[in-house]
Amino acid sequence: MRWSHSLIRQHHCPLFFRSLLRRCARSSALRPGEQLHAAATVAGLLSSPSHFLLNALVHLYAACSLPLHAHKLFDRIPHTHKDSVDYTALIRCSHPLDSLRFFLQMRQRALPLDGVTLICALGACARLEDHSLVPQMHVGVVKFGLLSHTKVCNAVMDGYVKCGLLGEARRVFKEIEEPSVVSWTVVLEGVVKWEGVESGRAVFDLMPERNEVAWTVMIKGYVGNGFTEEAFMLLREMVFGNQHGLVLAEGSSLSQRGEPRFKSPLREVTTSSARQWLEEEKERVFDNEEAFCHVERASSPQSTASGFEFSRVKMSTFSIGQYVEHDCFRRKIPVENPNEKEMVYCCGFGLNWVTLCSVLSACSQSGDVSVGRWVHCYAVKAMGCDLGVMVGTSLVDMYAKCGRVSAALMVFRHMPRRNVVAWNAVLGGLAMHGMGKVVVEMFDSMVEEVKPDAVTFMALLSACSHSGLVQQGWQCFHDMESVYRVRREIEHYACMVDLLGRAGRLEEADVLMRKMPIPPNEVVLGSLLGACYAHGKLNLGEKIMRELVQMDPLNTEYHILLSNMFALSGKPDKANSLRKVLKSRGIKKVPGMSSIYVDGQLHRFIAGDKSHPRTADIYMKLDDMICKLRLAGYVPNTNCQVLFGCSNGDDCMEALEEVEQVLFTHSEKLALCFGLMTTPLGSPLCIFKNLRICQDCHSAIKIASDVYKREIVVRDRYRFHSFKQGSCSCSDYW
């Protein structure tokens, strides 16, 4: 669009520009808005505040989520020409602390407040999760007489839920005369998050009306807590209705046999056949692993080690954060990709792209690939091969975090449109699997298609760290600012310190940390402490520990790490004294927990666990497995387990046997035994660990993969380990 001088002279009236700018703000149309901004500047219309063009520009940039631009223009407006609407626009788009600062300025200027302003301010409090701010805002709501405003009460409840004050949220809910579906959904989200899915299901069943968000919250709760069967049942009811009443598409008709039809973007099918298809897909997910294995075989890691060919297609710039952080209860989300816009109206009830991405996100966090595969099947059946950028990216992230890196690559390579978020998802997934060389090679293809951002370089540096690519890591770190104009943040320094520390270059890592332009945080220091433990640098570890204690005295991980370093260095007295300090403060170590999915159900184990219904069988299998591993060359690494009260170096056979028994009952080994005894011979196993896998379990599982002829994938807190034929994908570099 070009604005000629004749057109500007013809429509020199500020009303003309103000009207157009408001239209751009309502539709979040940034490019024409910027052109109008330039034209108004050239015409000299911004010099007079009485034209209120600066106010209109503030609304434009706020609507386009550009708070810095909006702030600069807002500061140019005299106080006499600022009103509540201007402040509300800034409160809505700004960082939470800035939002509250603008809210306080409104109160100081005695500007009138309405429900919209309070909703935006409460949203800022909720994002901060500050237990003191939300009650203060609640008092303001009562003071201004807005308790009868249902939407304001919903915002108050949402703030309490985010802060974990579920009792207060319930009290507000009881005071609402006619709770809306949003009110019920806010309570449901809080109950599922803080009281569990069973209590959440009770609230869900009481809801007089359910929207897509309520269904999604409940399904995500089931998936995230390992209730796969319940998640499938709820998905079936969400899409096709229950046995008494079916959800029909708008304008649906009856078939010749009198069956209601389910509307799909590809075709119409009868409800009975749709139900049959859902059951078939569910059974296929559980019972037929081969149905998806062709995807992984078609794109094995070996075939992707070099020579990537990707289509160069312009992509949507819509990012995951836009639909995760937006309040889906109160306003529609702008979608630039026309395919995704179509999906909102074409999928079955509730299974729009937001719902699909939310469920896939829960699968990524819980490691439940069975539900993720069903969602993939559903999306392909409903939409065809072009799933859109957001759903495709979520699938890439899900498969990668569930240990199916080949499937993630296949989905990525078949995406017709890819933005920087999609690239970051696949690079981050490959980094977690230790495929550093592949990530570095893919980066060269990425820069030809999209511009890398800060997250991209975090994935790159992480990949180099897990693969020992020190020189490549340094090159990426230097090129960030000099070549790609991406500012280094503390996360990038943390990755670089971790890279150098893993490689044993601790002095170099310490120098880099001390030269950082910003003070090191807990993550940076923790990475260096972990490297000190791995390489036995006790003096530097003590120094780092003192700094960490000042930052977070309640963090048990660092205390335990240094305590183990003392014990392994022949200083049991110092180790015991450090443990006693933790005990006197009432600080408990986070227990290690391993999980495994079998037949769609999640089974969790802790070290020495005897609570499982099949405990006797598991321990019989454990004894048998240890015997076979010993015959294959397994030697327990007693340095991985420190028992206090005796030293591992003591000439005490009983103490040594006790240490070995504790090692044998680590949660990873218990989960492995359960998987071996409950799954078909030769089938792959995937285990999820909440902490870092220990060296002894790593050695044992590596041998077990050869003894039992299984591929065993372990996802710990930091990365994936893929064990196959007696070796690990990390090449013992971790």
Side-chain angles (χ1 to χ4, degrees), residues 431-432 434 436 457-477 488-516 518-552 555-571 574-575 578 589-590 592 637 639-642 689 691-699 716-721 728-734:
M432 289 181 65
F457 284 98
M458 285 179 60
L460 270 173
L461 293 172
S462 176
C464 294
S465 176
H466 289 305
S467 302
L469 305 177
V470 179
Q471 295 303 322
Q472 291 90 329
W474 267 122
Q475 188 65 44
C476 292
F477 188 74
R488 297 189 191 113
E489 299 174 359
I490 195 165
E491 291 82 6
H492 301 106
Y493 284 98
C495 290
M496 201 63 214
V497 168
D498 184 62
L499 168 63
L500 296 171
R502 288 176 187 270
R505 298 160 67 165
L506 277 78
E507 291 77 10
E508 193 175 348
D510 189 37
V511 170
L512 175 65
M513 185 180 70
R514 303 303 172 190
K515 290 183 177 180
M516 286 168 50
I518 45 181
N521 64 2
E522 192 178 350
V523 178
V524 179
L525 291 169
S527 298
L528 191 54
L529 180 62
C532 292
Y533 175 77
H535 296 280
K537 299 292 185 179
L538 184 59
N539 293 332
L540 181 59
E542 286 188 82
K543 178 183 175 183
I544 299 297
M545 182 62 193
R546 284 193 291 269
E547 297 183 53
L548 282 168
V549 169
Q550 294 179 353
M551 291 184 179
D552 186 4
N555 191 309
T556 62
E557 291 185 37
Y558 308 132
H559 291 80
I560 299 299
L561 202 60
L562 187 62
S563 174
N564 291 344
M565 289 175 66
F566 281 132
L568 296 175
S569 301
K571 299 180 180 179
K574 283 192 173 183
L578 192 57
K589 178 181 180 292
V590 177
N637 185 352
N639 288 333
C640 295
Q641 185 67 48
V642 179
K689 177 76 183 288
L691 302 176
R692 189 173 187 260
I693 185 174
C694 76
Q695 293 179 356
D696 181 73
C697 287
H698 188 274
S699 300
D716 69 8
R717 183 174 177 178
Y718 300 101
R719 60 164 298 160
F720 277 88
H721 297 268
C728 180
S729 59
C730 71
S731 300
D732 296 334
Y733 185 87
W734 54 287

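Quantities reported herein were computed from a predicted structural model and do not represent experimental measurements.
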Tightest non-hydrogen contact, residues E522 and M551, listed as N-SD, 3.7 Å
Hey, does E491 have a side-chain heavy atom less than 4.5 Å from the side chain of V523?
no
All side chain to side chain donor-acceptor pair (under 3.5 Å) counterparts of R717, not counting sequence neighbours:
E557
Considering non-hydrogen atoms only, spot the tightest contact between L500 and V470 and give its length.
CD2-CG1, 4.1 Å
Under 3.5 Å donor-acceptor pairs involving side-chain atoms of residues 503-511, not counting sequence neighbours:
residue	atom	partner	partner atom	Å
R505	NE	E508	OE1	2.8
R505	NH2	E508	OE1	3.0
R505	NH2	E508	OE2	3.3
E508	OE2	W474	NE1	3.2
D510	OD1	R514	NE	3.1
D510	OD1	R514	NH2	3.4

Nearest heavy-atom neighbours spanning R719 and G434:
NH2-CA, 3.3 Å
Main-chain N/O of A463 paired to S467 side chain as donor or acceptor, under 3.5 Å:
yes
Are the side chains of L548 and I544 in contact, using a 4.5 Å heavy-atom criterion?
yes
Who pairs with K537 by salt bridge (Lys or Arg N to Asp or Glu O under 4.0 Å), at least two apart in sequence or on another chain?
none
Taking the side chain from D498 and the backbone from S527, do they hold a donor-acceptor pair closer than 3.5 Å?
no
Q475 and C464, any side-chain heavy atoms less than 4.5 Å apart:
no
Would you call L461 and C476 a side-chain contact if the rule is heavy atoms closer than 4.5 Å?
yes
Hey, does V524 have a side-chain heavy atom less than 4.5 Å from the side chain of I490?
yes
CG-CD distance between L525 and Q550, expressed to the nearest 0.5 angstrom:
10.0 Å
Sorted by chain and number, sequence neighbours left out, ring-ring contact (aromatic ring centres under 6.0 Å, His included) with Y493 holds for F477
Looking only at heavy atoms, the pair that brings M458 and C495 closest together is O-SG, 4.0 Å
OG (S462) and CE (M496) are apart, to the nearest 0.5 Å, by 12.5 Å
E542: side chain to side chain donor-acceptor pair (under 3.5 Å) partners, not counting sequence neighbours
none
Heavy-atom closest pair, residues D716 and I693:
OD2-N, 3.3 Å
With a 4.5 Å heavy-atom cut-off, do L460 and Q472 have their side chains touching?
no
Sequence neighbours excluded, the answer for side chain to side chain contact (heavy atoms under 4.5 Å, CB included) partners of M545 is L529, V549, Y558, H559, L562
Quick check: do C730 and H466 have side-chain heavy atoms less than 4.5 Å from each other?
no
